[in-house]
Protein chains: 2
Amino acid sequence: MAAQSAKSVAPPGFKSHNHKHCIERAVTHAKQSCQANGLQFTAIRQRVLEILLTQHKAMGAYDILDQLKEDGFNSQPPVAYRALDFLVQHGFAHKIERLNAFIACHSPENDHTPTFFICRLCSSVVETQPELTRGALGKTAKDVGFLIEQTVVEVEGVCPNCR
Amino acid sequence: MAAQSAKSVAPPGFKSHNHKHCIERAVTHAKQSCQANGLQFTAIRQRVLEILLTQHKAMGAYDILDQLKEDGFNSQPPVAYRALDFLVQHGFAHKIERLNAFIACHSPENDHTPTFFICRLCSSVVETQPELTRGALGKTAKDVGFLIEQTVVEVEGVCPNCR
DNA sequence: TCCATGACGCTATAGTATTACAATAGTGGT
DNA sequence: ACCACTATTGTAATACTATAGCGTCATGGA
Ligand SMILES: [Zn+2]
Ligand SMILES: [Zn+2]
Ligand SMILES: [Zn+2]
Ligand SMILES: [Zn+2]
(Lines give C-alpha, C1' and ligand atoms only; values in the text may rest on other atoms or scores of the structure.)
(Ligands and ions follow the chains in the order given, each with its own letter.)
Protein backbone atom coordinates (compact mmCIF):
# COMPACT_ATOMS: atom_id res chain seq x y z
CA MET A 1 0.00 0.00 0.00
CA ALA A 2 1.81 3.07 1.23
CA ALA A 3 -0.19 5.88 -0.27
CA GLN A 4 2.28 8.37 -1.58
CA SER A 5 1.94 11.99 -0.67
CA ALA A 6 1.14 14.29 -3.52
CA LYS A 7 3.43 16.94 -2.15
CA SER A 8 7.11 17.40 -1.54
CA VAL A 9 9.26 16.18 -4.39
CA ALA A 10 12.04 18.72 -4.12
CA PRO A 11 12.91 20.53 -7.40
CA PRO A 12 11.64 23.34 -9.27
CA GLY A 13 14.49 25.27 -7.86
CA PHE A 14 15.19 22.41 -5.46
CA LYS A 15 12.16 23.49 -3.47
CA SER A 16 9.31 21.42 -2.19
CA HIS A 17 6.07 21.83 -4.07
CA ASN A 18 2.82 20.20 -5.00
CA HIS A 19 4.08 17.75 -7.50
CA LYS A 20 0.67 16.58 -8.60
CA HIS A 21 0.18 19.96 -10.20
CA CYS A 22 3.48 19.53 -12.02
CA ILE A 23 2.24 16.36 -13.61
CA GLU A 24 -1.24 17.49 -14.48
CA ARG A 25 0.00 20.72 -15.90
CA ALA A 26 2.58 19.06 -18.11
CA VAL A 27 0.27 16.35 -19.38
CA THR A 28 -2.49 18.80 -20.13
CA HIS A 29 -0.12 21.05 -21.95
CA ALA A 30 1.27 18.23 -24.02
CA LYS A 31 -2.21 17.08 -24.97
CA GLN A 32 -3.30 20.51 -26.07
CA SER A 33 -0.07 21.29 -27.80
CA CYS A 34 -0.25 18.11 -29.83
CA GLN A 35 -3.87 18.76 -30.71
CA ALA A 36 -3.02 22.25 -31.85
CA ASN A 37 -0.16 21.04 -33.99
CA GLY A 38 -1.68 17.95 -35.52
CA LEU A 39 0.52 15.58 -33.53
CA GLN A 40 -0.66 12.30 -32.10
CA PHE A 41 -0.37 12.17 -28.35
CA THR A 42 -0.82 8.42 -28.20
CA ALA A 43 -1.29 6.26 -25.13
CA ILE A 44 2.32 5.15 -25.11
CA ARG A 45 3.64 8.65 -25.48
CA GLN A 46 1.41 9.93 -22.73
CA ARG A 47 2.39 7.10 -20.43
CA VAL A 48 6.09 7.69 -21.02
CA LEU A 49 5.67 11.35 -20.29
CA GLU A 50 3.78 10.50 -17.10
CA ILE A 51 6.52 8.12 -16.06
CA LEU A 52 9.13 10.80 -16.60
CA LEU A 53 7.02 13.20 -14.62
CA THR A 54 6.84 11.01 -11.53
CA GLN A 55 10.12 12.44 -10.34
CA HIS A 56 12.39 15.36 -11.00
CA LYS A 57 15.14 13.01 -11.94
CA ALA A 58 16.43 11.71 -15.19
CA MET A 59 15.41 8.18 -16.12
CA GLY A 60 17.18 5.76 -18.40
CA ALA A 61 15.26 4.38 -21.35
CA TYR A 62 15.35 0.92 -19.83
CA ASP A 63 13.93 2.14 -16.53
CA ILE A 64 11.03 3.51 -18.50
CA LEU A 65 10.77 0.26 -20.35
CA ASP A 66 10.47 -1.63 -17.07
CA GLN A 67 7.73 0.68 -15.96
CA LEU A 68 5.90 0.26 -19.25
CA LYS A 69 6.07 -3.47 -18.84
CA GLU A 70 4.49 -3.23 -15.41
CA ASP A 71 1.77 -1.13 -16.96
CA GLY A 72 1.03 -3.83 -19.49
CA PHE A 73 2.52 -2.02 -22.45
CA ASN A 74 4.78 -3.53 -24.97
CA SER A 75 8.32 -3.31 -23.78
CA GLN A 76 10.91 -3.74 -26.48
CA PRO A 77 13.53 -0.97 -26.55
CA PRO A 78 12.12 0.77 -29.62
CA VAL A 79 8.88 1.38 -27.78
CA ALA A 80 10.60 3.56 -25.23
CA TYR A 81 13.04 5.15 -27.63
CA ARG A 82 10.38 6.08 -30.12
CA ALA A 83 8.23 7.69 -27.50
CA LEU A 84 11.22 9.47 -26.02
CA ASP A 85 12.30 10.69 -29.42
CA PHE A 86 8.86 12.12 -29.95
CA LEU A 87 8.79 13.84 -26.58
CA VAL A 88 12.26 15.28 -26.99
CA GLN A 89 11.62 16.29 -30.58
CA HIS A 90 8.61 18.33 -29.60
CA GLY A 91 10.00 19.78 -26.43
CA PHE A 92 8.05 17.78 -23.86
CA ALA A 93 11.19 16.15 -22.54
CA HIS A 94 14.95 16.49 -22.70
CA LYS A 95 17.87 14.16 -22.85
CA ILE A 96 20.59 14.59 -20.26
CA GLU A 97 23.67 13.61 -22.19
CA ARG A 98 25.82 13.33 -19.14
CA LEU A 99 23.57 10.64 -17.74
CA ASN A 100 22.31 9.00 -20.91
CA ALA A 101 18.89 9.58 -19.47
CA PHE A 102 15.72 11.55 -20.02
CA ILE A 103 13.68 14.02 -18.04
CA ALA A 104 10.35 15.72 -18.52
CA CYS A 105 10.59 19.34 -19.52
CA HIS A 106 9.82 21.66 -16.68
CA SER A 107 8.48 24.53 -18.72
CA PRO A 108 7.35 23.20 -22.07
CA GLU A 109 5.20 26.24 -22.67
CA ASN A 110 8.19 28.36 -23.53
CA ASP A 111 10.59 27.97 -26.34
CA HIS A 112 13.81 27.50 -24.50
CA THR A 113 17.43 26.49 -24.33
CA PRO A 114 17.64 24.61 -21.08
CA THR A 115 20.47 24.37 -18.60
CA PHE A 116 20.42 21.48 -16.15
CA PHE A 117 21.71 21.36 -12.62
CA ILE A 118 22.31 17.78 -11.59
CA CYS A 119 22.86 16.80 -7.97
CA ARG A 120 25.52 14.13 -7.63
CA LEU A 121 24.10 12.96 -4.31
CA CYS A 122 20.33 12.85 -4.69
CA SER A 123 20.25 12.73 -8.49
CA SER A 124 17.64 15.44 -8.72
CA VAL A 125 17.77 17.58 -11.82
CA VAL A 126 16.64 21.16 -12.12
CA GLU A 127 16.01 22.82 -15.44
CA THR A 128 16.69 26.52 -15.79
CA GLN A 129 16.71 28.99 -18.63
CA PRO A 130 19.56 31.36 -18.01
CA GLU A 131 19.53 33.67 -21.00
CA LEU A 132 23.25 33.45 -20.42
CA THR A 133 23.56 30.53 -22.73
CA ARG A 134 22.35 32.27 -25.81
CA GLY A 135 24.00 35.46 -24.64
CA ALA A 136 27.43 34.34 -23.53
CA LEU A 137 27.90 31.45 -25.92
CA GLY A 138 26.31 33.48 -28.66
CA LYS A 139 29.03 36.07 -28.39
CA THR A 140 31.81 33.52 -28.69
CA ALA A 141 30.02 31.89 -31.59
CA LYS A 142 29.68 35.17 -33.40
CA ASP A 143 33.35 35.91 -32.90
CA VAL A 144 34.47 32.77 -34.69
CA GLY A 145 31.54 32.61 -37.10
CA PHE A 146 29.91 29.51 -35.69
CA LEU A 147 26.20 28.91 -36.30
CA ILE A 148 24.61 27.54 -33.13
CA GLU A 149 21.87 25.00 -33.64
CA GLN A 150 21.69 23.29 -30.30
CA THR A 151 23.37 23.48 -26.94
CA VAL A 152 24.02 21.02 -24.17
CA VAL A 153 24.59 22.68 -20.83
CA GLU A 154 24.71 20.39 -17.85
CA VAL A 155 26.11 21.35 -14.49
CA GLU A 156 27.00 18.64 -12.01
CA GLY A 157 27.46 19.21 -8.32
CA VAL A 158 25.61 19.27 -5.04
CA CYS A 159 22.15 20.73 -4.64
CA PRO A 160 21.15 22.96 -1.71
CA ASN A 161 19.19 20.16 -0.05
CA CYS A 162 22.20 17.89 0.05
CA ARG A 163 24.73 20.37 1.36
CA MET B 1 54.34 5.32 -47.18
CA ALA B 2 52.04 8.25 -47.82
CA ALA B 3 53.81 11.00 -45.98
CA GLN B 4 51.11 13.14 -44.52
CA SER B 5 51.37 16.90 -44.60
CA ALA B 6 52.14 18.40 -41.27
CA LYS B 7 50.02 21.44 -41.91
CA SER B 8 46.39 22.38 -42.29
CA VAL B 9 44.07 20.49 -40.00
CA ALA B 10 41.49 23.20 -39.40
CA PRO B 11 40.68 23.99 -35.71
CA PRO B 12 42.11 26.00 -33.08
CA GLY B 13 39.44 28.50 -33.81
CA PHE B 14 38.57 26.60 -36.98
CA LYS B 15 41.72 27.99 -38.53
CA SER B 16 44.42 26.20 -40.42
CA HIS B 17 47.65 25.76 -38.50
CA ASN B 18 50.75 23.66 -38.15
CA HIS B 19 49.26 20.64 -36.54
CA LYS B 20 52.54 18.92 -35.90
CA HIS B 21 53.26 21.55 -33.30
CA CYS B 22 49.89 20.85 -31.70
CA ILE B 23 50.86 17.23 -31.20
CA GLU B 24 54.40 17.75 -30.04
CA ARG B 25 53.36 20.46 -27.65
CA ALA B 26 50.62 18.40 -26.08
CA VAL B 27 52.68 15.26 -25.73
CA THR B 28 55.61 17.12 -24.28
CA HIS B 29 53.38 18.89 -21.84
CA ALA B 30 51.73 15.67 -20.75
CA LYS B 31 55.08 14.01 -20.22
CA GLN B 32 56.42 16.85 -18.12
CA SER B 33 53.22 17.30 -16.21
CA CYS B 34 53.11 13.64 -15.27
CA GLN B 35 56.75 13.70 -14.27
CA ALA B 36 56.16 16.71 -12.09
CA ASN B 37 53.15 15.13 -10.42
CA GLY B 38 54.43 11.61 -9.96
CA LEU B 39 52.10 10.14 -12.54
CA GLN B 40 53.06 7.38 -14.94
CA PHE B 41 52.80 8.45 -18.53
CA THR B 42 52.95 4.90 -19.85
CA ALA B 43 53.29 3.79 -23.45
CA ILE B 44 49.59 3.05 -23.79
CA ARG B 45 48.57 6.37 -22.33
CA GLN B 46 50.96 8.24 -24.57
CA ARG B 47 49.81 6.35 -27.62
CA VAL B 48 46.15 7.04 -26.86
CA LEU B 49 46.87 10.70 -26.41
CA GLU B 50 48.76 10.74 -29.70
CA ILE B 51 45.85 9.03 -31.43
CA LEU B 52 43.47 11.61 -30.07
CA LEU B 53 45.81 14.33 -31.21
CA THR B 54 45.88 13.21 -34.82
CA GLN B 55 42.75 15.22 -35.50
CA HIS B 56 40.73 17.97 -33.95
CA LYS B 57 37.76 15.68 -33.77
CA ALA B 58 36.29 13.52 -31.11
CA MET B 59 37.01 9.81 -31.34
CA GLY B 60 35.00 6.95 -29.95
CA ALA B 61 36.72 4.55 -27.57
CA TYR B 62 36.41 1.76 -30.10
CA ASP B 63 37.99 3.83 -32.84
CA ILE B 64 40.94 4.28 -30.55
CA LEU B 65 40.91 0.58 -29.80
CA ASP B 66 41.14 -0.20 -33.52
CA GLN B 67 44.07 2.10 -33.85
CA LEU B 68 45.80 0.55 -30.86
CA LYS B 69 45.35 -2.86 -32.40
CA GLU B 70 47.03 -1.70 -35.59
CA ASP B 71 49.87 -0.42 -33.47
CA GLY B 72 50.32 -3.82 -31.91
CA PHE B 73 48.91 -2.93 -28.54
CA ASN B 74 46.45 -4.97 -26.65
CA SER B 75 42.95 -4.07 -27.68
CA GLN B 76 40.27 -5.09 -25.25
CA PRO B 77 37.90 -2.27 -24.29
CA PRO B 78 39.38 -1.69 -20.85
CA VAL B 79 42.71 -0.82 -22.42
CA ALA B 80 41.23 2.18 -24.15
CA TYR B 81 38.86 3.16 -21.37
CA ARG B 82 41.54 3.04 -18.72
CA ALA B 83 43.88 5.21 -20.71
CA LEU B 84 41.06 7.59 -21.54
CA ASP B 85 40.00 7.77 -17.91
CA PHE B 86 43.54 8.68 -16.99
CA LEU B 87 43.83 11.33 -19.65
CA VAL B 88 40.47 12.86 -18.79
CA GLN B 89 41.13 12.65 -15.08
CA HIS B 90 44.30 14.64 -15.39
CA GLY B 91 43.08 17.12 -17.92
CA PHE B 92 44.92 15.87 -21.00
CA ALA B 93 41.70 14.99 -22.75
CA HIS B 94 37.98 15.58 -22.48
CA LYS B 95 34.88 13.56 -23.05
CA ILE B 96 32.27 14.98 -25.38
CA GLU B 97 29.09 13.68 -23.84
CA ARG B 98 26.98 14.56 -26.80
CA LEU B 99 29.04 12.27 -29.00
CA ASN B 100 30.10 9.61 -26.53
CA ALA B 101 33.58 10.37 -27.69
CA PHE B 102 36.88 11.80 -26.57
CA ILE B 103 39.16 14.58 -27.68
CA ALA B 104 42.60 15.76 -26.70
CA CYS B 105 42.62 18.90 -24.62
CA HIS B 106 43.62 21.93 -26.57
CA SER B 107 45.14 23.91 -23.72
CA PRO B 108 46.10 21.49 -20.99
CA GLU B 109 48.48 24.00 -19.49
CA ASN B 110 45.66 25.99 -17.98
CA ASP B 111 43.18 24.90 -15.41
CA HIS B 112 39.97 25.31 -17.29
CA THR B 113 36.28 24.71 -17.76
CA PRO B 114 36.01 23.97 -21.43
CA THR B 115 33.20 24.74 -23.84
CA PHE B 116 33.06 22.79 -27.07
CA PHE B 117 31.83 23.90 -30.44
CA ILE B 118 30.98 20.88 -32.55
CA CYS B 119 30.41 21.14 -36.28
CA ARG B 120 27.57 18.95 -37.44
CA LEU B 121 28.96 18.78 -40.97
CA CYS B 122 32.70 18.26 -40.67
CA SER B 123 32.70 16.94 -37.11
CA SER B 124 35.50 19.21 -36.05
CA VAL B 125 35.49 20.24 -32.43
CA VAL B 126 36.87 23.44 -31.02
CA GLU B 127 37.57 23.91 -27.36
CA THR B 128 37.18 27.35 -25.86
CA GLN B 129 37.32 28.80 -22.36
CA PRO B 130 34.68 31.47 -22.19
CA GLU B 131 34.82 32.67 -18.62
CA LEU B 132 31.10 32.94 -19.19
CA THR B 133 30.57 29.47 -17.95
CA ARG B 134 31.85 30.05 -14.50
CA GLY B 135 30.42 33.54 -14.58
CA ALA B 136 26.93 33.07 -15.92
CA LEU B 137 26.26 29.62 -14.56
CA GLY B 138 27.99 30.56 -11.36
CA LYS B 139 25.49 33.30 -10.74
CA THR B 140 22.52 31.01 -11.22
CA ALA B 141 24.17 28.41 -9.02
CA LYS B 142 24.74 30.91 -6.27
CA ASP B 143 21.14 32.05 -6.45
CA VAL B 144 19.78 28.59 -5.74
CA GLY B 145 22.65 27.45 -3.54
CA PHE B 146 24.04 24.85 -5.90
CA LEU B 147 27.68 23.81 -5.58
CA ILE B 148 29.18 23.40 -9.04
CA GLU B 149 31.72 20.63 -9.39
CA GLN B 150 31.79 20.06 -13.11
CA THR B 151 30.17 21.45 -16.20
CA VAL B 152 29.34 20.06 -19.59
CA VAL B 153 28.92 22.75 -22.21
CA GLU B 154 28.67 21.54 -25.76
CA VAL B 155 27.43 23.63 -28.64
CA GLU B 156 26.37 21.94 -31.83
CA GLY B 157 26.01 23.69 -35.16
CA VAL B 158 27.93 24.64 -38.26
CA CYS B 159 31.50 25.88 -38.19
CA PRO B 160 32.72 28.84 -40.26
CA ASN B 161 34.48 26.57 -42.75
CA CYS B 162 31.29 24.69 -43.55
CA ARG B 163 28.98 27.64 -43.98
C1' DT C 1 -10.25 2.97 -54.28
C1' DC C 2 -5.41 3.80 -54.24
C1' DC C 3 -1.67 5.61 -52.18
C1' DA C 4 1.25 8.05 -48.83
C1' DT C 5 2.16 8.78 -44.07
C1' DG C 6 2.78 7.78 -39.42
C1' DA C 7 2.53 4.71 -35.45
C1' DC C 8 3.41 0.32 -33.62
C1' DG C 9 4.88 -4.92 -32.92
C1' DC C 10 8.78 -7.62 -33.03
C1' DT C 11 13.46 -9.49 -33.82
C1' DA C 12 17.94 -8.83 -34.24
C1' DT C 13 22.04 -6.35 -33.85
C1' DA C 14 25.13 -2.41 -33.14
C1' DG C 15 27.59 0.62 -30.12
C1' DT C 16 29.27 2.10 -25.56
C1' DA C 17 31.14 0.97 -21.03
C1' DT C 18 32.14 -1.65 -16.74
C1' DT C 19 33.14 -5.66 -13.52
C1' DA C 20 36.17 -8.97 -11.96
C1' DC C 21 40.26 -11.27 -11.22
C1' DA C 22 44.86 -12.73 -12.29
C1' DA C 23 49.47 -11.33 -13.59
C1' DT C 24 53.04 -7.96 -13.78
C1' DA C 25 55.66 -3.88 -13.09
C1' DG C 26 57.01 0.21 -10.57
C1' DT C 27 57.96 2.43 -5.85
C1' DG C 28 59.85 3.13 -1.52
C1' DG C 29 61.66 1.42 2.86
C1' DT C 30 64.80 -1.96 5.11
C1' DA D 1 69.14 -7.12 -2.63
C1' DC D 2 64.63 -7.99 -0.45
C1' DC D 3 60.07 -7.15 0.81
C1' DA D 4 55.62 -4.99 0.95
C1' DC D 5 52.68 -1.98 -1.30
C1' DT D 6 50.46 0.19 -5.04
C1' DA D 7 49.56 1.10 -9.80
C1' DT D 8 49.13 -0.70 -14.19
C1' DT D 9 48.07 -4.15 -17.50
C1' DG D 10 46.08 -8.76 -19.56
C1' DT D 11 41.92 -11.07 -20.44
C1' DA D 12 37.26 -12.70 -20.38
C1' DA D 13 32.77 -11.89 -19.52
C1' DT D 14 28.95 -9.05 -19.11
C1' DA D 15 26.07 -4.87 -18.64
C1' DC D 16 24.08 -0.92 -20.47
C1' DT D 17 22.49 2.14 -24.26
C1' DA D 18 20.62 2.63 -28.85
C1' DT D 19 19.32 1.64 -33.67
C1' DA D 20 18.13 -1.03 -38.03
C1' DG D 21 14.83 -3.43 -40.58
C1' DC D 22 10.59 -5.05 -41.83
C1' DG D 23 5.85 -6.30 -41.55
C1' DT D 24 1.15 -4.61 -39.97
C1' DC D 25 -2.43 -1.43 -39.26
C1' DA D 26 -4.95 2.99 -39.08
C1' DT D 27 -5.59 7.56 -40.99
C1' DG D 28 -6.35 10.87 -44.45
C1' DG D 29 -5.95 12.87 -49.04
C1' DA D 30 -5.89 12.34 -54.32
ZN1 LIG E 1 7.11 18.60 -9.37
ZN1 LIG F 1 12.65 22.25 -21.08
ZN1 LIG G 1 46.29 21.11 -34.57
ZN1 LIG H 1 40.74 21.29 -22.25
Side-chain angles (χ1 to χ4, degrees), chain A residues 30-31 33-49 51-52 57-69 71-90 92-103 118 123 152 154, chain B residues 30-31 33-49 51-52 57-69 71-90 92-103 118 123 152 154:
Chain A
K31 244 179 220 166
S33 173
C34 286
Q35 183 106 39
N37 293 98
L39 303 172
Q40 302 183 42
F41 195 57
T42 64
I44 293 181
R45 290 169 178 175
Q46 173 166 348
R47 188 68 198 110
V48 170
L49 179 57
I51 291 168
L52 287 177
K57 300 185 181 178
M59 297 182 72
Y62 283 76
D63 295 332
I64 290 166
L65 225 39
D66 290 342
Q67 191 63 59
L68 283 176
K69 183 177 300 182
D71 297 343
F73 283 88
N74 199 342
S75 58
Q76 286 76 15
V79 174
Y81 281 103
R82 290 197 277 232
L84 287 166
D85 283 351
F86 173 88
L87 295 173
V88 169
Q89 188 89 30
H90 297 96
F92 304 128
H94 299 289
K95 180 171 186 185
I96 310 290
E97 298 289 349
R98 182 63 208 261
L99 305 176
N100 292 323
F102 301 84
I103 192 166
I118 307 164
S123 299
V152 173
E154 298 167 0
Chain B
K31 244 179 219 164
S33 172
C34 286
Q35 182 105 39
N37 294 99
L39 302 173
Q40 302 183 42
F41 195 57
T42 63
I44 293 181
R45 291 169 178 175
Q46 172 165 351
R47 189 68 197 109
V48 170
L49 179 57
I51 290 169
L52 287 177
K57 300 185 180 179
M59 298 183 71
Y62 283 75
D63 295 332
I64 290 165
L65 225 39
D66 289 344
Q67 191 63 58
L68 283 176
K69 183 178 300 183
D71 297 343
F73 284 89
N74 200 341
S75 59
Q76 286 77 15
V79 174
Y81 282 103
R82 290 197 279 231
L84 287 167
D85 283 351
F86 174 88
L87 295 173
V88 168
Q89 188 90 30
H90 298 96
F92 304 127
H94 299 289
K95 179 172 186 185
I96 310 289
E97 298 290 348
R98 180 64 206 262
L99 305 176
N100 291 323
F102 302 83
I103 191 166
I118 307 165
S123 299
V152 173
E154 297 166 2

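Here is how names work: the chains are called A, B, and so on, in the same order as the sequence lines, proteins then strands, and each is numbered from 1. Keep in mind the model is a prediction, meaning the values are calculated, not measured.
Position along DNA chain C of the nearest nucleotide to A:P78 versus A:A83 favours A:A83 as the more 5'-ward residue. Projected onto DNA chain D by closest heavy-atom contact, A:R82 and B:N100 fall at different nucleotides, the more 5' of which corresponds to B:N100. Residue B:L39 is the one, among B:L39 and A:F102, whose nearest nucleotide of DNA chain D lies closer to the 5' end (criterion: closest heavy atom). Between A:P77 and A:F86, the residue whose closest nucleotide on DNA chain C is further toward the 5' end is A:F86.
A:L65 places its CG atom 11 Å from the P atom of D:dT17, with the value rounded to the nearest Å. To the nearest angstrom, C1' of C:dT16 lies 15 Å from CZ of A:R98. The CG atom of A:L68 sits 13 Å away from the C1' atom of C:dC8 (whole-angstrom rounding). For the pair B:Q76 CD and D:dT9 P, the interatomic distance rounds to 13 Å; values are reported in whole Å. Summarising the geometry, the separation between NZ on B:K69 and C1' on D:dG10 is reported as 15 Å, rounded to the nearest angstrom. Regarding B:N74, its CG atom lies at a distance of 17 Å from the P atom of D:dT8, rounded to whole Å. D:dT17 atom P lies 13 Å from atom CD of A:E97, rounded to whole Å. What separates CG of A:L99 from C1' of D:dT17 is a distance of 13 Å, to the nearest Å.
The side chain of A:R45 lies closest to C:dA7 when the candidates are D:dA18, C:dG9, C:dA7. Of the candidate nucleotides C:dT18, C:dG6, D:dT8, D:dT8 has the atom nearest to the side chain of B:T42. Nearest nucleotide to the A:Y81 side chain, out of D:dA18, C:dA17, C:dG26: D:dA18. Minimum atom distance to the side chain of B:V79 is reached by D:dT11, of the listed D:dT19, D:dT11, C:dC8.
In this structure the side chain of A:L49 never reaches within 4.5 angstrom of the side chain of A:R45, judged on heavy atoms.
Minimum heavy-atom separation, A:Q76 to A:L65: O-CD1, 3.5 Å.
Under 3.5 Å, the side chain of A:Y62 and the base of D:dA18 form at least one donor-acceptor pair of N or O atoms.
Under the 30°/60° scheme for interplanar angles, the aromatic rings of B:F92 and B:F86 are found to be tilted. Relative orientation of the A:F102 and A:Y81 rings is perpendicular, given thresholds of 30° and 60° on the angle between their planes.
Checking side-chain atoms of A:E154 against main-chain N and O of A:E97 turns up a donor-acceptor pair under 3.5 Å.
Regarding contacts with the backbone of C:dA17, a side-chain N or O of B:K95 is found under 4.0 angstrom from either OP1 or OP2.
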